[in-house]
Number of protein chains: 2
Amino acid sequence: MDNKQYEQAMDRLKNNGVRITPQRQIILKYLIENDNHPTVETIFNVLDKTFPNLSMATVYNNLRLFKKLNLIIELPSIDGGYRYDFYDHPHLHATCDNCNKIIDIENPRFTEIEQELKDETREVGFKPTVSSISIHGICKECQVKLAKNK
Amino acid sequence: MDNKQYEQAMDRLKNNGVRITPQRQIILKYLIENDNHPTVETIFNVLDKTFPNLSMATVYNNLRLFKKLNLIIELPSIDGGYRYDFYDHPHLHATCDNCNKIIDIENPRFTEIEQELKDETREVGFKPTVSSISIHGICKECQVKLAKNK
DNA sequence: TTGGATGCAAAGCTTTTGCACCTTT
DNA sequence: AAAGGTGCAAAAGCTTTGCATCCAA
């Protein structure tokens with residue numbers, strides 16, 4: 001794990017007068033170490049194994065808190081729920097509308113594009129924080145799957 | 001209203017074997033004529049006035065259908081719900097995380113940027129359809145409001 | 001020490017579904 | 001005439017909240 005990300009996240013909590021609890025630590029660590037864009041339930045199920053008595057409410061409450069502090073971003077899934085992603089460097093998301101998987105796409109030009117989009121919002125007096133940039137469509141695997149079912 | 005958008009939407013329904021009902025017509029018309037990014041409830045409340053006995057379930061069902069046909073896009077709001085937007089030409093959304101307002105930002109370069117992002121997903125075998133591109137932050141009005149409350 | 005955080009359970013929403021009736025094709 | 005869609009109400013899910021207890025600072 002990139003420890004710097006974790007330390008910076010802890011600092012952001014401290015600077016906002018938010019207490020550092022084991023629950024907050026493991027949730028953030030999980031999000032930093034995994035780029036699987038988990039649902040709330042996935043996060044809960046995985047962490048509950050090694051941290052019994054963890055409460056779903058705590059996961060919900062803390063995800064909401066982290067989102068407000070711009071530590072994570074929330075990605076809508078076509079299945080109705082949300083997926084969560086630690087907001088490290090901005091990157092492109094490709095969301096499969098068939099299996100709901102979210103794929104990270106890295107590209108050196110992306111930071112530049114994000115900057116350009118943020119600048120555009122500044123022109124109308126907006127104060128940008130994070131970006132949520134997704135391309136919807138069908139992933140490679142599902143294209144094959146869907147073709148077979150015809 | 002741009003009638004072409006409406007006609008094209010109707011064609012897309014027909015081509016997919018979907019029946020054209022008055023409910024579908026008024027919901028689509030409403031979304032085409034308004035760029036206020038309404039919630040499900042707003043859509044229901046406005047349309048129910050002139051179309052009594054409209055059912056919330058019908059609004060939900062049809063929004064889901066339109067989304068699947070890529071006629072509209074669904075934008076997550078920090079208040080937990082979603083906002084809907086007729087998917088005409090791609091454009092940038094600035095989402096205020098304080099008042100939940102969504103602002104359309106038009107820029108001639110945007111189509112080009114969207115194309116570039118879609119191309120990036122194609123490189124990993126993805127088949128892109130629509131984009132959902134939002135910059136989160138605080139709008140002009142809320143910046144003033146929040147400064148006053150200090 | 002003490003205000004904030006957690007866990008549990010209950011409440012509150014939002015969204016979907018079942019079914020009888022109605023409408024488009 | 002038949003397949004599909006609608007409205008209503010009930011069910012199902014998801015998310016938040018109240019409160020007693022616990023713990024980080």
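Just so we're clear, the structure is a prediction, and the values are computed from it rather than from any experiment. Chain naming here is simple, since letters A, B, ... match the order of the sequence lines and numbering starts at 1 in each.
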Practice problem: Please list, by residue number, the residues of residues 51-60 of chain A whose heavy atoms come closer than 4.0 Å to an atom of DNA chain D; answer none if no residue qualifies. | Solution: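 Close to the strand are A/Ala57, A/Tyr60.
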Quiz item: Where along residues 8-26 of chain A does a heavy atom come under 4.0 Å from DNA chain D, residue by residue in number order?
Solution: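 Close to the strand are A/Arg19, A/Ile20, A/Pro22.
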Self-check item: salt bridge (charged side-chain N to carboxylate O under 4.0 Å, His left out) partners of B/Arg24, counting only residues at least two apart
Solution: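 Not a single residue meets the salt bridge (charged side-chain N to carboxylate O under 4.0 Å, His left out) criterion with B/Arg24.
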Residues [X] and [Y]: side-chain donor-acceptor under 3.5 angstrom:
| X | Y | answer |
| --- | --- | --- |
| B/His136 | A/Asn70 | no |
| A/Glu114 | A/His91 | no |
| B/Arg64 | B/Asn61 | yes |

Quiz item: Looking only at atom types and distance, does a side-chain atom of A/Asn16 sit under 3.5 Å from a main-chain N or O of A/Val18, one as donor and one as acceptor?
Solution: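 Answer holds: no.
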Quiz item: Is the side chain of B/Ser131 donor-acceptor paired with the backbone N or O of B/Ile133 at a distance under 3.5 Å, no angle test?
Solution: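 It does not hold such a pair.
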Practice problem: Walk along DNA chain C from 5' to 3' and tell me the first and last nucleotide with an atom closer than 4.0 Å to a non-hydrogen atom of chain B. | Solution: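 Range of nucleotides within reach of chain B: C/dT14 to C/dT25.
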Self-check item: Of B/Glu41 and B/Asn61, the one whose closest DNA chain C nucleotide lies more 5'
Solution: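 Final value for this comparison: B/Glu41.
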Quiz prompt | Length of the line joining A/Leu65:CG and D/dT17:C1', which is rounded to integer Å | solution =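 About 16 Å, once rounded to whole Å.
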Practice problem: Rounded to the nearest angstrom, tell me the gap between atom CZ in A/Arg64 and atom P in D/dT15. | Solution: 11 Å
Quiz item: Looking at A/Arg83 and A/Glu74, does any basic side-chain N land under 4.0 Å from a carboxylate oxygen?
Solution: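 Salt bridge flag = no for A/Glu74 with A/Arg83.
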Practice problem: Taking the side chain as every heavy atom from C-beta outward, state whether A/Arg19 and A/Lys14 have any atom pair closer than 4.5 Å. | Solution: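 SC-SC contact between A/Arg19 and A/Lys14 ruled out.
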Quiz item: Going through the distances and angles, do A/Lys67 and A/Ile73 end up as a side-chain contact (heavy atoms from CB on, under 4.5 Å)?
Solution: CA-CA 6 Å; A/Lys67 190 173 61 173; A/Ile73 56 171; over 6 Å; no
Quiz item: Using the C1' atoms of five pairs at each end, what's the angle between the two axes of the helix from C/dT1-D/dA25 to C/dT25-D/dA1, to 10 degrees?
Solution: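 Both end axes considered, the difference amounts to 50°.
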Quiz item: Considering residues at least two apart in sequence or located in another chain, which fulfil the side chain to side chain donor-acceptor pair (under 3.5 Å) criterion with A/Gln25?
Solution: A/Tyr6
Exercise. Give the minimum heavy-atom separation between B/Leu71 and B/Phe86, together with the two atoms involved.
Key: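 Closest heavy-atom pair between B/Leu71 and B/Phe86: O-CD1, 3.5 Å.
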Exercise. Just say parallel, tilted or perpendicular for the rings of B/Tyr82 and A/Tyr82, cut-offs at 30° and 60°.
Key: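 Because their plane-to-plane angle is under 30°, the rings of B/Tyr82 and A/Tyr82 count as parallel.
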Self-check item: Within the 6.0 Å centroid threshold, strictly below: B/Phe44 and B/Tyr84
Solution: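 Ring centres of B/Tyr84 and B/Phe44 not closer than 6.0 Å.
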